[in-house]
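First comes the structure, then the notes that go with it.
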Amino acid sequence: MEEVIKIRGGKRLNGTVTISGSKNSTVALIPAAALGSEKVTIYGVPQISDVEALVELLEELGVQVTRPDAETLIIDPSTMEDRPLVSAAVQKLRASYYFMGALLGKYGRAQIKNPGGCHLGPRPIDLHLKGFQALGASVDYADDCTVLVAPPEGLKGARIFLDISSVGATINIMMAAVFAKGRTVIENAAREPEIIDIATLLNKMGARIHGMGTSTLVIDGVESLKGCMHEIIPDRIEAATYILIGAAMADDMWIRNVIPQHLDAILSKLREIGVNYDFTGDSVHIYGNDHSKPFRPTDITTKPYPGFATDVQQPFTTLLTRSRGVSSVTEEIYVERFKHCPELEKMGADILVKIPSAYITGPTFLHGAKVTATDLRCGAALVIAGLMADGETEIHEIKHIDRGYDKLDAKLRALGADIRREFVED
Ligand code: EPU
């Protein structure tokens with residue numbers, strides 16, 4: 001039996017949805033919290049399976065994890081041990097690679113199985129490894145593991161230029177460099193809000209990191225880290241997903257716990273295609289849209305932050321099926337991230353994929369179908385399509401959705417959607 005999501009589309013949505021803590025912050029904050037030796041309390045933790053997998057990894061390392069409530073994690077690394085991470089949990093998610101930087105920084109060595117995660121085309125980690133090497137570590141491979149070892153005198157600060165402003169490499173090198181002797185400078189560092197969040201946690205723990213949010217990150221090594229408390233920033237990709245859902249289906253909908261500035265590129269594209277919304281403080285309000293009218297078409301190109309996020313292009317593609325004329329989406333981060341397109345075509349979309357672009361001709365009216373979430377944001381694209389479609393949509397491989405969306409079906413039901421989980425024959 002397989003668990004699927006079934007959506008009966010066409011329902012108008014109304015009310016308020018509250019955005020959870022950022023998934024892509026959380027998956028780095030958890031390994032970062034293990035760098036010290038005192039308790040770190042993290043608030044606003046999303047209930048997603050990636051968090052469960054990381055907690056499993058912490059427990060394998062002897063870290064004590066307690067949860068006073070569903071959204072709070074207390075991570076106590078005082079009993080942590082220097083052990084290899086080789087269990088199946090490592091391959092449940094990509095972000096397990098943050099333990100490379102954390103363990104190398106803390107113990108001067110790390111042995112970790114190669115990570116899993118969404119299949120978005122090639123996802124190398126060469127920049128992470130080059131960064132560790134620049135700090136003095138050796139990199140070897142044995143038994144499907146990456147083995148990192150610092151020299152006997154420990155890691156030493158270095159000047160590192162990233163060929164690509166990689167989110168993962170920036171965070172991983174930052175974690176390894178926290179205890180390195182002297183100053184590390186990461187040039188062409190990624191500027192995503194999640195990087196500021198991780199650096200903020202580390203600084204609360206006693207690290208000395210400057211320049212976060214700019215492309216030059218400076219890390220002055222320290223001797224030890226202490227405990228602290230930290231509230232995770234709101235998930236800008238989850239927020240964008242609900243804003244798109246609102247644009248497609250809402251009469252009047254509030255999306256709360258949002259930092260609208262994180263969504264500038266997406267909100268301006270929505271304005272361009274003709275979606276009506278306002279934002280105030282930490283909320284986006286979607287109202288006054290005539291759903292019988294098609295949107296205007298647009299062209300989107302994904303870029304590193306503050307450009308249009310690659311994670312939002314898949315769900316945005318669904319909305320563009322309702323635009324009159326031809327719209328395009330061009331991927332500059334993961335050129336093969338178009339597996340959602342054939343699934344949307346099963347529901348009646350007219351999309352031509354010519355990598356690195358997809359051309360969407362509309363308006364087309366989507367109908368329910370059996371579709372597969374090939375990756376997390378493909379899942380989001382299909383949920384939006386299911387809400388828009390005529391009839392019933394059955395989404396398979398929902399484990400990808402559960403990796404990153406906190407209580408998705410409950411949040412949508414509260415807005416008036418007809419969505420449920422069911423077990424069906426494989
Ligand atoms: N890259 C390299 N070498 C490296 C690292 C990256 O060539 O060593 C390339 C990648 O192949 C890609 C580009 O650099 O073409 C950018 O990748 P980046 O390292 O920034 O991505 P990531 O850290 O692996 C994070 C998010 C992704 C999000 C990207 C881009 C997490 C856990 N994942 O991935 O989120 O798409 O940044 O913003 O933070 C998602 O949430 O659905 C998701 C996939």
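Atoms within a ligand are numbered from 1 in the order they appear, just like the ligands themselves.
Proximity of Arg94 to ligand 1, defined as any heavy-atom pair under 4.0 Å, is confined to the side chain (atoms from C-beta onward). At a heavy-atom cutoff of 4.0 Å, ligand 1 is contacted by the side chain of Tyr334 but not by its backbone. The backbone and the side chain of Ile333 each have at least one atom closer than 4.0 Å to an atom of ligand 1 (non-hydrogen atoms only). Residue contacts with ligand 1 for Asp311 involve side-chain atoms from C-beta outward but no N, CA, C or O (heavy atoms, distance under 4.0 Å).
Near Ile125, the atoms of ligand 1 lying under 4.0 angstrom from a non-hydrogen atom of the residue are 4 (C), 8 (O). Near Val167, meaning under 4.0 Å from one of its heavy atoms, ligand 1 places the atoms 18 (P), 19 (O), 20 (O), 23 (O), 37 (O). Close contacts between ligand 1 and Lys23 involve ligand atoms 40 (C), 41 (O) [criterion: under 4.0 Å to a heavy atom]. Those atoms of ligand 1 that come under 4.0 Å of a heavy atom in Tyr97, given as number and element, are 22 (P), 23 (O), 24 (O). Set against the non-hydrogen atoms of Leu376, the atoms of ligand 1 under 4.0 Å away are 42 (O). Proximity to Arg337 (heavy-atom distance under 4.0 Å) selects the following atoms of ligand 1: 36 (O), 40 (C), 42 (O), 43 (C), 44 (C). Atoms of ligand 1 found under 4.0 Å from any heavy atom of Gly168, numbered from 1 in the order shown, are 19 (O), 23 (O).
Proximity of a side-chain donor or acceptor of Ser25 to a complementary backbone N or O of Ser22 within less than 3.5 Å is not detected. Here the side chain of Glu238 pairs a donor or acceptor atom with the backbone of Ser20 at under 3.5 angstrom.
Judged by distance alone, the side chains of Arg337 and Gln313 never bring a donor and an acceptor atom under 3.5 Å apart.
By the 4.0 Å heavy-atom criterion, Pro124 is counted among the residues contacting ligand 1. At a 4.0 Å cut-off, not a single heavy atom of Lys130 sits close enough to ligand 1 to count as contact.
Within 6.0 Å of the CZ atom in Arg256, the count of heavy atoms belonging to other residues, nucleotides or ligands exceeds 12. Heavy-atom contacts from other residues, nucleotides or ligands closer than 6.0 Å to NZ of Lys407 number more than 12. Sparse packing is recorded around CZ of Phe279, with 12 or fewer heavy atoms of other residues, nucleotides or ligands lying under 6.0 Å away. Heavy-atom neighbours of Lys39 NZ from other residues, nucleotides or ligands within 6.0 Å: at or below the threshold of 12.
Close N/O approach between Leu127 and ligand 1 is found [any backbone or side-chain N/O within under 3.5 Å]. By the 3.5 Å distance cut-off applied to N or O atoms, Arg377 is counted among the residues near ligand 1.
Aromatic rings of Tyr97 and His128 (six-membered ring for Trp) have centroids within the 6.0 Å cut-off, being under it.
With distances taken over non-hydrogen atoms, the option nearest atom 6 (C) of ligand 1 out of Ala380, Ala190, Ser166, Ala95 is Ser166.
Side-chain contact between Tyr141 and Val147 is absent, with no heavy atoms from C-beta onward closer than 4.5 Å. The side-chain heavy atoms of Phe99 and Leu61, taken from C-beta on, include a pair separated by under 4.5 Å.
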